[in-house]
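Here is the structure we will look at.
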Number of protein chains: 2
Amino acid sequence: MGHGADVRITATARERLEAVGAADVAAALQALATPSRLRILARLQEGPCAATELADAVGMEQSACSHQLRLLRNLDLVTAERRGRSVIYALHDNHVAELLEQALHHVEHLRLGLRDAPAGPGAEAAGNR
Amino acid sequence: MGHGADVRITATARERLEAVGAADVAAALQALATPSRLRILARLQEGPCAATELADAVGMEQSACSHQLRLLRNLDLVTAERRGRSVIYALHDNHVAELLEQALHHVEHLRLGLRDAPAGPGAEAAGNR
DNA sequence: TGAATGCATGAACAGATGTTCATGTGATCC
DNA sequence: GGATCACATGAACATCTGTTCATGCATTCA
């Protein structure tokens, strides 16, 4: 077994990106990349909700909301459960909630124009903006 | 001054979303929502890089890459610094790197079809899929 | 100064996206 | 059964998006 090499444990972001499929990662992020869907997910984070009530809560027409819900369903971001004549929607799992949380958290920073550290080795004296 | 009320410290995702501006959050996420830009950011996470070299690294034409870099610059996701006749690009700060990391992390889970917890109160017996 | 290099920009175009309108389907109530 | 409620779906449409092509601007070198 060769001479104890420094096995690289961490994969680069590039490697992980291609491993998972850049297109799929992009698709998942796109699902969060619209005001209407963000509102839908944000509302669902407060708890499950029927389709019509949901549409009303986010100020969308029923049809438009239903179309977006289908998209979110197809990407496994939300679940749908029939209950009487209603269909109750909910976030698929906590990962979705966390992803939304992270997106909000980071954008709140970007929005403030903050900048913690210049990121990456060699980025010396990058003089902000 | 009213009688000592239970001041709510944590804002809901919905409140934070509207406070920051749902459209702006969506725009920031959209910047990560395309294979080409994901590849650009992933490459930059390994360190700063000149424009042409960057385009080559991600397999894009110079012009297409430049257009996307402008978009990323406008959203403060990357920085540009002139160096001789090259322009060195880098991630704006560690928050961008973390956002990319989080996106990858979560999508790796979604990609596996995993499901940790049904998310949200009242999501009882949601019977997966 | 003129040529070449490195990058940015504008126009144009194909494809994707989100909404509305109209209609369809399934469940409940009379 | 028929009416109604709750939601889904398809088509049409306007808008947005990402790429290519051509060209422009700035910097370095001969």
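Every value quoted in this text rests on a predicted model; they were computed, and no experiment measured them. A note on names: the letters A, B, ... follow the listed sequences, proteins ahead of strands, and every chain is numbered from 1.
Residue E81(B) contributes atom CD, which lies 13 Å from atom P of dA8(C) at whole-angstrom precision. The distance between atom CZ of R85(A) and atom P of dA27(C), rounded to the nearest whole Å, is 12 Å. At whole-Å resolution of the value, CD1 in I88(B) and P in dA26(D) are 19 Å apart.
Ring geometry for H95(A) against H105(B) counts as tilted: the plane angle lies between 30° and 60°, on a 0 to 90° scale.
Just one residue in the list R43(A), E81(A), R73(A) forms a side-chain hydrogen bond (donor to acceptor under 3.5 Å, both in side chains) with Y89(A), and that residue is R73(A).
For dA27(C), neither phosphate oxygen OP1 nor OP2 lies less than 4.0 angstrom from any side-chain nitrogen or oxygen of R83(A). An OP1 or OP2 oxygen of dG6(C) is reached within less than 4.0 angstrom by no side-chain nitrogen or oxygen of Y89(B). Side-chain nitrogen and oxygen atoms of R73(A) include at least one within less than 4.0 Å of the OP1 or OP2 phosphate oxygen of dA8(D).
Of the two residues near DNA chain C, L69(B) and R82(A), the one whose nearest nucleotide lies more 5' is L69(B).
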### Query
With the sugar-phosphate defined as primed atoms, P, OP1 and OP2, and the base as all remaining atoms, what B/S/- string results for nucleotides 11-19 of chain C, 5' to 3', for protein heavy atoms under 4.0 Å?
------SSS
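You won't find any donor-acceptor pair under 3.5 Å spanning the side chain of S66(B) and the base of dT9(C), going by distance alone. Taking 3.5 Å as the limit, the base of dA8(C) and the side chain of Q62(B) contain a donor-acceptor pair of atoms between them.
The line from CG of L72(B) to NE2 of H67(B) is 13.0 Å long, rounded to the nearest 0.5 Å. Put simply, CG on L41(B) and OG on S36(B) are 9.5 Å apart, with the number rounded to the nearest 0.5 Å. Atoms OG1 and CD, from T12(A) and Q45(B) in turn, are 8.0 Å apart once rounded to the nearest 0.5 Å.
Residue S86(A) is in sugar-phosphate contact alone, with no base atom involved, counting any heavy-atom pair closer than 4.0 Å across all strands shown.
Residue I88(B) is not grouped with residue L91(B) when hydrophobic side chains (ILVMFWY) are merged at heavy-atom distances under 4.5 angstrom, including chains of intermediate members.
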